[in-house]
Amino acid sequence: MRLILLGPPGAGKGTQAARIGAEFGIPPISTGDMFREAIKLQTELGKKVEKYLSSGELVPDDLVLGIVAERLAQPDTAGGFLLDGFPRTVPQAQALDGYLAEKGQSLTAVIEIAVDPEILVARLSGRRICQNCGAVYHVVTKKEQETGVCDLCRGQLIQREDDYEATVRNRLAVYARQTAPLIQYYHEAGLLMRVDGAKPIADVYREIERGIRNRVEQ
Ligand code: AP5
Ligand code: MG
Ligand code: ZN
């Protein structure tokens with residue numbers, strides 16, 4: 001099973017990816033998480049991409065394609081994968097198609113999580129992330145039990161640098177301009193499945209799960 005989660009910043013890609021990955025036994029792969037890890041470790045890649053993440057601009061395609069090809073070559077993707085935040089441009093989507101075709105593989109489905117931009121600003125400015133395990137919280141809609149401490153691993157919760165309002169608005173504009181064309185791209189390929197991401201987390205998950213099962217049974 002090879003899946004893509006597509007949707008604007010704050011749509012709930014990371015939240016749903018963790019659940020889908022656990023349920024279907026496939027690794028969730030977030031290019032954003034990989035870049036943030038590289039920045040934290042100050043690797044060569046991390047130093048190159050830092051300015052793009054902090055301003056909410058896209059990392060250049062060649063840098064993105066390099067880390068994705070490396071990640072998809074890992075043995076844990078043999079049974080499938082779930083991409084979160086990749087592809088984000090038409091050239092990235094074309095490169096992925098080429099990469100899979102070379103291995104005689106194809107995508108199972110592309111799940112678009114659609115949410116109104118006004119809701120996204122509120123979601124992202126209230127988001128908190130576990131510095132240790134990456135679990136996602138929200139100050140209003142998904143509060144941790146003990147303030148500032150991860151329920152799962154007791155790591156410290158932090159706010160992402162790109163979650164300040166001005167940067168969030170830029171990320172939404174970048175999505176509309178550079179990533180939204182992929183909706184048409186995957187619709188034409190007969191792969192697109194759209195879910196309403198404004199519903200509660202558990203309802204969105206149920207809708208995605210049902211959609212995936214329908215597709216696999218076809
Ligand atoms: P990335 O890390 O991919 O960020 P993003 O797309 O902006 O998405 P987010 O992680 O902000 O949102 P999400 O959809 O995962 O939502 P979440 O589940 O956390 O990319 C970051 C940066 O890296 C980019 O700006 C770019 O610079 C670079 N980059 C990455 N990939 C790239 C690529 N392929 N090409 C070029 N550059 C790339 O949920 C958000 C909040 O809402 C949480 O608090 C959550 O609890 C809450 N929530 C979730 N679902 C619901 C719900 N249904 N109801 C209420 N609250 C909800
Ligand atoms: Mg995310
Ligand atoms: Zn944690």
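The structure displayed is predicted, hence computed values, not measured ones. We count ligands from 1, going down the list as the structure has it; atoms in each ligand are counted the same way.
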Numbering the atoms of ligand 1 from 1, which are under 4.0 Å from a heavy atom of [X]?
| X | value |
| --- | --- |
| Q92 | 33 (C), 34 (N), 35 (N), 36 (C) |
| Y52 | 27 (O) |
| R36 | 2 (O), 21 (C) |
| G197 | 53 (N) |
| V136 | 19 (O), 43 (C), 44 (O), 45 (C), 46 (O) |
| K199 | 52 (C), 53 (N), 54 (N) |

Give yes or no for whether the N/O distance cutoff of 3.5 Å, strictly under, is met between [X] and ligand 1.
| X | answer |
| --- | --- |
| T15 | yes |
| S30 | no |
| T31 | yes |
| A11 | yes |
| V59 | yes |
| P9 | no |
| G7 | no |
| Y137 | yes |
| R128 | no |

Is any side-chain heavy atom of [Y] closer than 4.5 Å to one of [X]?
| X | Y | answer |
| --- | --- | --- |
| T15 | Y205 | no |
| I29 | L72 | yes |
| V139 | R128 | yes |
| Y137 | D151 | yes |

L172 versus P8, closest heavy-atom pair with distance = CD2-CB, 4.3 Å
So which heavy atom on E112 is nearest to which on I183, and how close?
-> OE2-CD1, 3.4 Å
Looking at [atom], what's its closest protein heavy atom, distance included?
| atom | answer |
| --- | --- |
| atom 16 (O) of ligand 1 | G12 N, 3.2 Å |
| atom 8 (O) of ligand 1 | K13 NZ, 3.1 Å |
| atom 51 (C) of ligand 1 | I201 CG1, 3.4 Å |
| atom 15 (O) of ligand 1 | G14 N, 2.9 Å |
| atom 19 (O) of ligand 1 | R127 NH1, 2.6 Å |
| atom 20 (O) of ligand 1 | R88 NH2, 3.3 Å |
| atom 26 (C) of ligand 1 | E57 O, 3.4 Å |
| atom 47 (C) of ligand 1 | R123 CD, 4.1 Å |

Side chain, backbone, both or neither: which applies to [X] and ligand 1 if a contact is any heavy-atom pair less than 4.0 Å apart?
| X | result |
| --- | --- |
| Y175 | neither |
| T141 | side chain |
| P200 | backbone |
| L124 | side chain |

Can you tell which of T77, T31, D76 makes a side chain to side chain donor-acceptor pair (under 3.5 Å) with R71?
-> D76
I201, I113: one ILVMFWY side-chain cluster at the under-4.5 Å cut-off?
-> no
Under 4.5 Å between side-chain heavy atoms, hopping through other hydrophobics if needed: is there a path connecting L83 to I111?
-> no
CZ (R194) with more than 12 external heavy atoms under 6.0 Å = no
Take atom CD of Q42 as the centre, draw a 6.0 Å sphere, and report whether it contains more than 12 heavy atoms from other residues, nucleotides or ligands.
-> yes
Identified side chain to side chain contact (heavy atoms under 4.5 Å, CB included) partner of V204 from the options E209, Q16, R19 | Q16
Exactly one of L192, I4, V110, V90 clears side chain to side chain contact (heavy atoms under 4.5 Å, CB included) with L182, and that residue is V90
Determine, step by step, whether E165 and R169 satisfy the salt bridge (Lys or Arg N to Asp or Glu O under 4.0 Å) criterion, reporting the C-alpha distance in whole Å, the side-chain angles of both residues, the deciding distance to 0.1 Å, and the verdict.
-> CA-CA 6 Å; E165 188 171 333; R169 292 198 185 275; 2.9 Å; yes
Stepwise salt bridge (Lys or Arg N to Asp or Glu O under 4.0 Å) check, E161 with R36 | CA-CA 10 Å; E161 192 192 2; R36 280 183 291 278; over 6 Å; no
Among A18, S55, G85, which residue places a heavy atom closest to atom 34 (N) of ligand 1?
-> G85
Test side chain to side chain contact (heavy atoms under 4.5 Å, CB included) applied to I212 and T108, step by step = CA-CA 9 Å; I212 295 173; T108 309; 5.9 Å; no
To the nearest 10°, what's the angle at the Zn ion (ligand 3) between atoms SG (C130) and SG (C153)?
-> 100°
Give a yes or no on whether a salt bridge exists between R171 and D163, defined as a side-chain N under 4.0 angstrom from a carboxylate O.
-> yes
So, does G10 sit close enough to ligand 1 that a heavy atom of it is under 4.0 Å from the ligand?
-> yes
